[in-house]
Amino acid sequence: MKYLDEYRDPRVAKALLEKIHGSAGRIDREIRIMEICGSHTVSIFRAGIKSLLPENVRLVSGPGCPVCVTAMSDMDRMIALASPPDGTDTLVATFGDMIRVPGTKTSLEAEMASGADVRIATSPLDAVMWARKHFEKSVVFLGVGFETTSPTIAATVLKARKSGLKNLFVYPAFKLLPPALVALLETPDIAIDGFLCPGHVSVMLGADAYRPVAARYEKPCVIAGFEPIDILLGISNICDQLAENKHEVANAYGRAVSNGGNVKAMGILDQVFEPVDAPWRGLGTIPASGLGFREEFAAYDAIRRFGLDSVEAGSEPKGCACGEVLRGLMDPPRCPLFGKACTPDSPVGSCMVSSEGSCAAWYKYSS
Amino acid sequence: MCIAVPGKVTVIDEELNVATVEVGGTTKHASADLVPDIQVGDYVLVHAGFIINKLDEDDALETLKLFEEYMGVNLTEDRGK
């Protein structure tokens, strides 16, 4: 298919790898590159990229899987929606990855097994369809995701308003990427030499969004697509920059990402939501790193509608190192629970649950 | 979760602003609410039931040219054979 096959050509991969070995050979120390996006993590493992890189180039996974970074407090409240305290008949609609994430006491999957109406959506528009079909229920879509996903949910809220739907709500647990990069770079002991920036978040944000981060913290930020060659092109650019002592924003996914991003989508996002402080698993609360409903759209806010502020939040599971893994401070196999108490079949932490979590990727492709 | 797939627009329902997109041999319906001026024949990225952007042919060709410079072969002509 056009725009796809060329990015899987082994001849190009070989040429790029030679280039990477050349640049990395000029750098006399370990180079730590963080891929922020969970989809990059999976592609890197699937293509076996780590084993092809020079010895001094290390790829570290960051907090780019939205399911993984969802705080336990949000998880507990979203699970509470499946059987809300006020007895409302609810239908919880969510992307599939959320179903198995454990809360403090239970999960959406367990609630489903006990009879709660929890449904997996492939698009937030599915929730509109269900809300039209089930007037007797309150339909709540779990709003989890970065800038790629949040505009699709903002557009869904606009659609619900246009159709006059009164039984559709969204739980806003969205995350914004740039504030997370800043929080990571401000964390002591985090040695990151450059960022492989997420392709599809960048489709929305645009390359310009990274320029203040690259300039202030002097780190190369390179946007990459998801085919093996896209990723190699991104790594090659970061190594080139480090070898030349540069720290710029580069776009190795030009066919999809522009400097200004998707202005229409970001405008729709801004119409419905506004930045709020948000809790991240592993990173704590980061100022202005999440999204809450603007007052004009408060009627769609599931937190207000169902009084979820009163749901007591529990603590992270004992012994689970998801926090360290998400900050790139620990490789998953070093977690005491990895592969023993915590496996994809019986996950303890969110990084093992999500198919894009670093623990799940390590488990699937390294053992 | 933030993954999007490339496809080609084959039909547009202008009343609903929904496009039919051919993705790797199957078809999907995707809302065109987030991207202006979607046309039949456009290559687009689809994520969670929405078109999130068009794929830019000039920029794609530019990246391929870069690869060709690294390798001294013509990728686009190779594909045509």
Side-chain angles (χ1 to χ4, degrees), chain A residues 1-7 9 11-12 14-16 18-19 37-39 42 64-67 95 97 121-126 144-149 151-153 155-156 158-159 198-201 203-204 226 229-230 233 251-258 261-262 264-265 268 354-356, chain B residues 1-9 16-18 21-26 28-38 41-81:
Chain A
M1 142 127 202
K2 198 173 177 188
Y3 303 129
L4 208 52
D5 295 336
E6 296 88 345
Y7 298 92
D9 192 317
R11 296 170 305 171
V12 184
K14 194 165 171 275
L16 278 170
E18 277 167 19
K19 226 174 152 295
C37 177
S39 304
V42 172
C65 157
V67 176
F95 295 123
D97 272 6
T122 52
S123 159
L125 291 173
D126 292 346
V144 172
F146 286 93
E147 288 90 340
T148 326
T149 309
T152 69
I153 298 171
T156 303
L158 292 183
K159 192 159 269 261
H200 294 140
V201 167
V203 163
M204 298 300 203
F226 297 90
I229 285 166
D230 285 319
L233 189 61
N251 184 0
Y253 196 27
R255 65 192 185 280
V257 175
S258 62
N262 184 335
K264 187 175 180 189
I268 286 173
S354 165
S355 57
E356 292 186 353
Chain B
M1 184 166 159
C2 290
I3 200 71
V5 287
K8 187 180 183 180
V9 175
L16 296 173
N17 202 27
V18 167
V21 185
E22 239 179 59
V23 177
T26 59
K28 281 176 184 276
H29 295 292
S31 165
D33 284 354
L34 295 181
V35 181
D37 308 324
I38 295 291
D42 282 345
Y43 283 86
V44 295
L45 279 173
V46 179
H47 168 68
F50 283 79
I51 293 174
I52 60 166
N53 213 358
K54 289 186 213 178
L55 290 169
D56 187 294
E57 179 150 26
D58 291 341
D59 284 328
L61 290 174
E62 206 169 294
T63 312
L64 296 183
K65 259 194 210 149
L66 188 75
F67 294 161
E68 287 166 358
E69 275 172 30
Y70 293 158
M71 300 159 42
V73 296
N74 191 325
L75 286 170
T76 25
E77 266 184 21
D78 273 12
R79 295 271 157 219
K81 280 177 194 165

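In what follows, chains carry the letters A, B, and so on, assigned in the order in which the sequence lines appear, proteins first and then strands, with residues in each chain numbered from 1.
Top candidate by heavy-atom pairs under 4.5 Å with chain B, chosen from A:Pro124, A:Ser354, A:Gly199, is A:Pro124. Contact count versus chain B (heavy atoms, under 4.5 Å) is highest, among A:Pro151, A:Gly38, A:Pro198, A:Ala252, for A:Pro151. Heavy-atom pairs under 4.5 Å with chain A were tallied for B:Leu34, B:Val35, B:Asp59, B:Asp33; the largest tally goes to B:Leu34.
At a 4.5 Å heavy-atom cutoff, the contact between A:Leu16 and chain B is made by side-chain atoms alone. Contact annotation for A:Ile153: neither backbone nor side-chain heavy atoms come within less than 4.5 Å of a heavy atom of chain B. Heavy atoms of A:Lys14 lying under 4.5 Å from chain B are absent altogether.
Listed by chain and number, the residues in a salt bridge (charged side-chain N to carboxylate O under 4.0 Å, His left out) with A:Lys264 amount to none (sequence neighbours excluded). Residues forming a side chain to side chain donor-acceptor pair (under 3.5 Å) with A:Thr152 (at least two apart in sequence, or on another chain): none.
B:Leu55 has its side chain within reach of B:Leu45: a pair of non-hydrogen atoms, C-beta onward, lies under 4.5 Å apart. Proximity of A:Met204 to A:Phe146: side-chain heavy atoms (C-beta onward) are nowhere separated by under 4.5 Å. Here the side chains of A:Val12 and A:Tyr7 are not in contact, with every heavy-atom distance at 4.5 Å or above.
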